[in-house]
Visitor: 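One structure is given below, represented as structure tokens, and several questions about it will come after.
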Amino acid sequence: MSINIGIIGLVQSGKTTVFNALTRGKADSRSSTPHIGIAKVPEPRLKVLADILHPKRVVSAEVSYTDIGASVKGSGGDRAIGGQILSQLSDTDALIDVVRAFTNESIPHIEGSLDVERDIAAANLELTLHDVGIIGRRLERIETSLKGAKASERQSLQPEKELLTRLKAELEKEVPIRELKLNADQTKTIANYQFLTAKPLLIVVNIGEEQIPQAASLEAELNSHYSRAKSGVITFCGELEMELTQLDSDATEGFRAEFGITESGLDRIIKLSYELLGLISFFTTASDEVKAWSIQKGTTALKAAGKIHSDMERGFIRAEVISYDDLMKCGNLAEAHKKGLLRLEGKSYIVQDGDVITFLFNV
Ligand SMILES: Nc1nc2c(ncn2[C@@H]2O[C@H](COP(=O)(O)OP(=O)(O)OP(=O)(O)O)[C@@H](O)[C@H]2O)c(=O)[nH]1
Ligand SMILES: [Mg+2]
């Protein structure tokens, strides 16, 4: 399963435009059904590996994006994001909030004026109300169950009730769940609820072309307010980036240079979302294929194998591992073998960013 990122934002903030830029798609911005699209995860080390190993195929890791449908009435009126729509995003791994900063006379802002901080607050409020609603309904059910519950049932329901009550109190103080310190048990308890404010959040401020010279300072300024655990801000020129995806790569470079954009906005968005999600890359080279995979930091070799194939996890014997840097120094795997740089690791080895791994398994 690839990582899935949901795109939210107020009406006409440029969600579909950003989605099209990210997925090189051509989704109709007037359509009200959700769009799902795939993007390759930029990973410069993949090309370097391919250059020295000459595989038949080079395969990038993928990330998928979900663009919720166009404008529906939300709890904050018709300017906001609806609760029903938000629940479509409960099984995403992270959220992108597209906030309008571009000016466009022909598309009036729903609030009549541009105000990035107001709009960030409005989206946060919607996410918070969504989670508070889930908690309220669950607490009611727990209360009912507690009446006439046996001592053993009471024992399992009571901690959940206390945890949910705490989360609700924090949400009412506008503290999102992602910022709370929770222990492993609590994290496990709340995982089932798929709370939206528990997900990493990347705020994408959608600027117009004329704002590009101020993009970096605006981004720094906003990050000084909004950069927290698992959340950050990036400025992005949605319309320009969408147009650039329709050109070939030489032309794209030329345009970027002309606009003074040093790094592709798309690459920056993916990189930042990966950082917020705590994701790293590892590589496999079997069957004449060099492949990149994305996993959560702290994943064991056993679970990394399972990401490739469930048989590999079930029949796991060991992993042959070399770091990307060591492999670069050797030039190829045979040489690395000779130098004794290929390590044999067991099930509980924690995979490191850049590891090149061959899994040995039997089925
Ligand atoms: N000038 C300018 N216009 C933009 C930019 N980004 C989006 N737009 C325009 O703003 C309008 C809304 O963009 P969409 O991407 O459809 O916005 P949305 O958030 O998906 O809208 P809904 O799904 O209807 O809520 C479109 O007409 C876009 O062409 C931008 O960076 N600059
Ligand atoms: Mg849209």
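What's counted below: heavy atoms across the whole structure, side chains too, no hydrogens, waters or symmetry copies.
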Visitor: Look at the side chain of D267 and the backbone N and O of P42, then say whether any donor-acceptor pair between them is shorter than 3.5 Å.
Guide: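 Between the backbone of P42 and the side chain of D267 there is no qualifying donor-acceptor contact (under 3.5 Å).
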Visitor: Carefully, step by step, assess D185 and K188 under the rule salt bridge (charged side-chain N to carboxylate O under 4.0 Å, His left out).
Guide: CA-CA 5 Å; D185 274 347; K188 215 169 132 194; 5.8 Å; no
Visitor: Mark yes or no for whether Q158, through its side chain, and Q155, through its backbone, hold a donor-acceptor pair below 3.5 Å.
Guide: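 Not confirmed, Q158 side chain does not pair with Q155 backbone.
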Visitor: Quick check: are there more than 12 heavy atoms from other residues, nucleotides or ligands sitting under 6.0 Å from CZ of R24?
Guide: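 Not more than 12 within 6.0 Å, no.
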Visitor: Below 4.5 Å, heavy atoms only, C-beta onward: do E241 and V18 meet side chain to side chain?
Guide: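 Heavy-atom side-chain distance check fails, nothing below 4.5 Å.
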Visitor: Below 4.5 Å, heavy atoms only, C-beta onward: do R118 and S113 meet side chain to side chain?
Guide: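 Result yes, sub-4.5 Å side-chain heavy-atom pair found.
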Visitor: Shortest non-hydrogen contact from Y274 to S294?
Guide: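 Reported closest heavy-atom pair: OH-OG, 2.7 Å.
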Visitor: Check the pair E275 / L202 against side-chain contact (heavy atoms from CB on, under 4.5 Å), numbers first and verdict last.
Guide: CA-CA 10 Å; E275 274 166 33; L202 180 61; over 6 Å; no
Visitor: Verify the cluster assignment for M242 and I207: are they in a single hydrophobic cluster under the rule of side-chain heavy atoms below 4.5 Å apart?
Guide: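 Different clusters.
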Visitor: Nearest 0.5 Å please: distance from the NZ atom of K181 over to the CG atom of N183.
Guide: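 The CG atom of N183 is 12.5 Å from NZ of K181, to the nearest 0.5 Å.
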Visitor: Within the distance-only criterion (no hydrogens, no angle test), does the side chain of N362 pair as donor or acceptor with the backbone N or O of I317 below 3.5 angstrom?
Guide: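 Flag not set: sc N362 to bb I317 has no pair under 3.5 Å.
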Visitor: Do V41 and L279 come within less than 4.5 Å of each other through their side chains, counting heavy atoms only?
Guide: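 V41 vs L279: side chains apart.
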Visitor: Just how far is it from atom CD of E209 to atom CG of L240, taken to the nearest 0.5 Å?
Guide: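 E209 CD to L240 CG: 5.0 Å, rounded to 0.5 Å.
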Visitor: Under a 4.0 Å threshold between the charged nitrogen and the carboxylate oxygen, would D311 count as salt-bridged to R314?
Guide: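 Here R314 pairs with D311 in a salt bridge, since their nearest N and O are under 4.0 Å apart.
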Visitor: Could you tell me the separation between the CG atom of L360 and the CD atom of E345, rounded to the nearest 0.5 Å?
Guide: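 One gets 12.0 Å once the value is rounded to the nearest 0.5 Å.
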Visitor: Output yes when D51 and K47 qualify as a salt bridge under the 4.0 Å nitrogen-oxygen rule, no when they do not.
Guide: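 A salt bridge is present here (some side-chain N lies under 4.0 Å from a carboxylate O).
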Visitor: Does one hydrophobic cluster hold both I269 and F102, with members joined at side-chain heavy-atom distances below 4.5 Å?
Guide: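 Result: no, two separate clusters.
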Visitor: Quick check: closest heavy atoms across T235 and A215, and the distance to 0.1 Å?
Guide: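 Residues T235 and A215, closest heavy atoms: OG1-O, 3.4 Å.
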Visitor: Is there a donor-acceptor contact under 3.5 Å from the side chain of K15 to the main chain of L10?
Guide: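 Between the backbone of L10 and the side chain of K15 there is a qualifying donor-acceptor contact (under 3.5 Å).
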Visitor: Report yes or no: does T197 contribute a side-chain atom to a donor-acceptor pair with the main-chain N or O of I177 at less than 3.5 Å?
Guide: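 Indeed, once roles are kept as given, a pair shorter than 3.5 Å links the two residues.
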Visitor: Does any donor atom in the side chain of T189 or E160 lie under 3.5 Å from an acceptor atom in the other side chain?
Guide: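 No, no side-chain donor-acceptor pair sits under 3.5 Å.
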Visitor: So, for D97 and A123, which heavy atoms are closest and what is the spacing to 0.1 Å?
Guide: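 Taking every non-hydrogen atom into account, OD2-CB, 3.4 Å.
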Visitor: Could you tell me whether K168 and E172 make a salt bridge, using a distance below 4.0 angstrom between a side-chain N and a carboxylate O?
Guide: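 A salt bridge links K168 with E172.
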Visitor: Nearest heavy-atom pair of L277 and P200: which atoms, and what distance?
Guide: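 In terms of heavy atoms, the two residues are closest at CD2-CG, 3.7 Å.
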Visitor: Look up atom CG in L171 and atom OG1 in T128, then write down how far apart they are to the nearest 0.5 Å.
Guide: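 The CG atom of L171 sits 5.5 Å away from the OG1 atom of T128.
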Visitor: Is it possible for you to say whether L272 and V98 belong to one hydrophobic cluster, with membership spreading through side-chain heavy-atom contacts below 4.5 Å?
Guide: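 Cluster IDs for L272 and V98 match.
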Visitor: For L167 and D131, what are the C-alpha separation, side-chain angles and deciding distance, and is it a side-chain contact (heavy atoms from CB on, under 4.5 Å)?
Guide: CA-CA 9 Å; L167 298 185; D131 287 355; over 6 Å; no
Visitor: Quick one: which of N206, V116, V204 gives a side-chain contact (heavy atoms from CB on, under 4.5 Å) with V99?
Guide: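 Single pass found, and it is V116.
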Visitor: Thinking salt bridges, do R137 and E140 make one under a 4.0 Å N-O criterion?
Guide: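 Answer for the salt bridge query: no.
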Visitor: Sub-3.5 Å donor-acceptor pair from the side chain of E153 to the main-chain atoms of K150, do we have one?
Guide: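 The answer is yes, because a donor-acceptor pair under 3.5 Å joins these two groups.
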Visitor: Which is it for D91 and Q194 under the side-chain contact (heavy atoms from CB on, under 4.5 Å) test, yes or no, and what are the steps along the way?
Guide: CA-CA 7 Å; D91 56 8; Q194 304 271 36; 3.8 Å; yes
Visitor: Working to the nearest 0.5 Å, report the span between CD1 of I8 and CG of L201.
Guide: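 So the gap between those two atoms works out to 6.5 Å.
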Visitor: I would like to know whether L244 and L247 meet side-chain contact (heavy atoms from CB on, under 4.5 Å); could you show each step before the answer?
Guide: CA-CA 5 Å; L244 288 181; L247 305 174; 4.0 Å; yes
Visitor: Regarding E219 and R268, does a basic nitrogen lie under 4.0 Å from an acidic carboxylate oxygen?
Guide: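 Yes.
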Visitor: Is the shortest side-chain heavy-atom distance between F282 and I308 below 4.5 Å?
Guide: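 Side chain of F282 against side chain of I308, heavy atoms only: contact under 4.5 Å found.
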Visitor: How close do A101 and L114 get, counting heavy atoms only, and between which atoms?
Guide: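 Minimum heavy-atom separation between A101 and L114: O-CD1, 3.4 Å.
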Visitor: Side-chain contact, heavy-atom cut-off 4.5 Å: D353 with S281?
Guide: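 Side-chain contact under 4.5 Å: yes.
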Visitor: Hey, what do you get for NZ (K199) to CG (L127), rounding to the nearest 0.5 Å?
Guide: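 The distance works out to 10.5 Å.
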Visitor: Any ring pair (Phe, Tyr, Trp, His ring centres under 6.0 Å) involving residues 186-234? Give me the pairs, sequence neighbours left out, ordered by first then second residue.
Guide: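 Ring pair (Phe, Tyr, Trp, His ring centres under 6.0 Å) check on residues 186-234 returns Y193-F195.
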Visitor: If hydrophobic clusters are built by linking Ile, Leu, Val, Met, Phe, Trp and Tyr wherever their side-chain heavy atoms come under 4.5 Å apart, do L139 and L146 end up in the same one?
Guide: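 Yes.
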Visitor: Have T92 and N4 got a donor and an acceptor in their side chains that come within less than 3.5 Å?
Guide: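 N4 and T92 do not have a side-chain donor-acceptor pair below 3.5 Å.
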Visitor: Looking only at non-hydrogen atoms, find the nearest pair between L89 and L196 and report the distance.
Guide: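 Closest heavy-atom pair between L89 and L196: O-CD2, 3.9 Å.
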Visitor: Look at atom CD of E62 and say whether more than 12 heavy atoms of other residues, nucleotides or ligands are closer to it than 6.0 Å.
Guide: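 Check passes, neighbour count above 12.
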Visitor: Can you check whether I212 reaches C237 side chain to side chain, under 4.5 Å on heavy atoms?
Guide: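 Of all side-chain heavy-atom pairs linking C237 with I212, at least one is under 4.5 Å.
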Visitor: With the 4.5 Å side-chain cut-off for hydrophobic clustering, are I135 and L180 part of the same group?
Guide: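 Yes: a chain of side-chain contacts under 4.5 Å links I135 to L180.
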Visitor: Between E313 and K303 (salt bridge meaning N to carboxylate O under 4.0 Å), is one present in this structure?
Guide: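 Looking at K303 together with E313, the answer is yes, because their closest N to O distance falls below 4.0 Å.
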Visitor: Supply the members, apart from F283, of the Ile/Leu/Val/Met/Phe/Trp/Tyr cluster built from side-chain contacts under 4.5 Å; use none for a lone residue.
Guide: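 Taking Ile, Leu, Val, Met, Phe, Trp and Tyr as members, F283 shares its hydrophobic cluster with L46, V48, L49, I52, L53, V58, V290, I322, Y324, L327, M328, L333, L341, L342, V356.
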Visitor: Is there side-chain contact between I280 and D355, with heavy atoms separated by less than 4.5 Å?
Guide: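 No, side chains not in contact.
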Visitor: Using a 4.5 Å cut-off on heavy atoms from C-beta on, say whether the side chain of F359 contacts that of H309.
Guide: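 No. Closest side-chain heavy atoms not under 4.5 Å.
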